[in-house]
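The model shown is predicted, which means the values in this text are computed figures rather than measured ones.
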Amino acid sequence: MDPGCYWPLCFSLCTSVEVGGLLFVVAVGARFWGSVNYLETPRAVFDANHVITDHGLGLSMLLSASVLTFFSFIGFEDMLNVAEEVREPKRTMPWGIVIALAVATVLYIAVAVTAVSVVPYRDLAAAPAPLSAISNIAAPWLPARTYDFITLFAVANTVLINYIMGSRLLYGMARQGLLPTILGRVHPTRHTPHIAIFTLLVLVLALTFSGGVADLASATGLLLLFSFLVVNSALVVLKLRPSEAPGTFEVPIIVPILGILVNATLIGVRLWTGEGGFRAPVIAGLIVLVVTVLYVVLRPGNIGEEALAALED
């Protein structure tokens, strides 16, 4: 078997274990549905001097939490990096992304409803392992460490797919002149972008030691929102360009306009309220600054196949 075939098998195994664990939670907890008031929200808390210590759930907190929620949708954009391996990608990839988003959203909602039905939301927020807390009540016969094992697969799946797709992205951008050409080199024996892989490893380690997991997740969510804003803006420009030929998959122009408004609002609220501190926005801002400087310095242009062949020799 071709060694390149092993990583899709790893993805399939990890995804099966991860999704299977979530479906199991929904299955064993479905009997608790309807047992709580799903419209209940945290109320303001006062101390002995009638001073508010917790403002409860407000609009700004809700929007700030939505920024972090976008971290859950990381990976859908990685599907585009393997479009070259799909038959009729112009027709199948848009529908694949839309269907994947729909399935993931339904699964997330089902797990959320199950979670607050089985465990009170205040206890759930304080639980170090929420899924284990749910299974302890809904399925007490399940071994206690089962969801720790499933979590390892989920983390490995996320890290593996983002690492592989990230290195491919660096490699592809280098081949198009958007990054230093050295990142476009391919190992003579393994035929992998080894320079891009090693460079990404250094970046990942640097970001890991620059802040905690929560800060990195929040920074990633902000960067994802910014990327969505830029992509939607580009789509508006393309749709308004008279010379632009229609694509195989088209959406009304109101869709990207709403995307711009929603993403800009979420970013603005996160920066305005400062929920979760300002370390995450600083990390995200520094990454955007570095990318901007690279773009200005390199003045990207297309690299010919001759230059690429010389790099790989």
Side-chain angles (χ1 to χ4, degrees), residues 67-68 70-71 73-78 80-81 158-159 161-187 192-238 241 256 259-260 262-272 274 276-308 310-312:
V67 177
L68 185 58
F70 266 76
F71 182 76
F73 287 88
I74 290 178
F76 292 101
E77 72 282 358
D78 290 336
L80 297 177
N81 291 326
T158 302
V159 172
I161 191 170
N162 280 283
Y163 194 82
I164 289 179
M165 298 309 167
S167 61
R168 281 190 174 198
L169 186 61
L170 294 180
Y171 166 75
M173 292 176 68
R175 291 179 67 89
Q176 295 179 7
L178 299 172
L179 287 175
T181 54
I182 190 173
L183 295 174
R185 290 186 178 179
V186 177
H187 194 276
T192 55
H194 57 298
I195 302 297
I197 292 173
F198 178 76
T199 301
L200 186 62
L201 174 63
V202 174
L203 292 175
V204 169
L205 291 177
L207 289 173
T208 300
F209 290 108
S210 67
V213 174
D215 290 330
L216 290 179
S218 183
T220 304
L222 283 171
L223 289 171
L224 193 60
L225 286 170
F226 181 73
S227 299
F228 289 166
L229 190 152
V230 172
V231 170
N232 279 286
S233 300
L235 181 55
V236 171
V237 172
L238 291 176
R241 183 182 296 171
I260 294 171
V262 170
N263 287 289
T265 299
L266 291 176
I267 294 174
V269 169
R270 174 63 177 84
L271 297 178
W272 178 263
F278 289 96
R279 183 186 294 269
V282 169
I283 294 174
L286 288 175
I287 292 176
V288 172
L289 178 62
V290 170
V291 171
T292 303
V293 170
L294 281 174
Y295 182 87
V296 172
V297 172
L298 291 175
R299 298 185 178 277
N302 291 328
I303 297 179
E305 291 298 324
E306 296 80 5
L308 291 173
L311 279 175
E312 297 172 6

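The minimum heavy-atom distance linking Ile195 with Arg185 is given by the pair CG1-CB, 4.1 Å. Minimum interatomic distance between Gly166 and Leu200 (heavy atoms only, all atoms of both residues): C-CD2, 3.8 Å. When all heavy atoms of Ala196 and Tyr171 are compared, the closest pair comes out as CB-N, 4.2 Å. Ser167 and Pro193 get closest at one heavy-atom pair: O-CG, 4.5 Å. Here the shortest heavy-atom pairing between Gly259 and Asn263 reads O-ND2, 2.6 Å. Closest approach of Pro180 and Ala174 over heavy atoms only: O-CB, 3.5 Å.
Taken to the nearest 0.5 Å, the CG atom of Leu271 stands 11.0 Å off from the CG atom of Leu266. Leu203 contributes atom CG, which lies 10.5 Å from atom CZ of Phe198 (distance to the nearest 0.5 angstrom). The distance from atom CG of Leu224 to atom CD1 of Ile267, rounded to the nearest 0.5 Å, is 9.5 Å.
Not counting sequence neighbours, the partners of Val293 by the side-chain contact (heavy atoms from CB on, under 4.5 Å) test are Leu289, Val297. By the side-chain contact (heavy atoms from CB on, under 4.5 Å) test, Leu223 pairs with Ala284, Ile287, Val288, sequence neighbours left out.
Checked by atom type and distance alone, the side chain of His187 never pairs as donor or acceptor with a backbone atom of His194 at under 3.5 Å.
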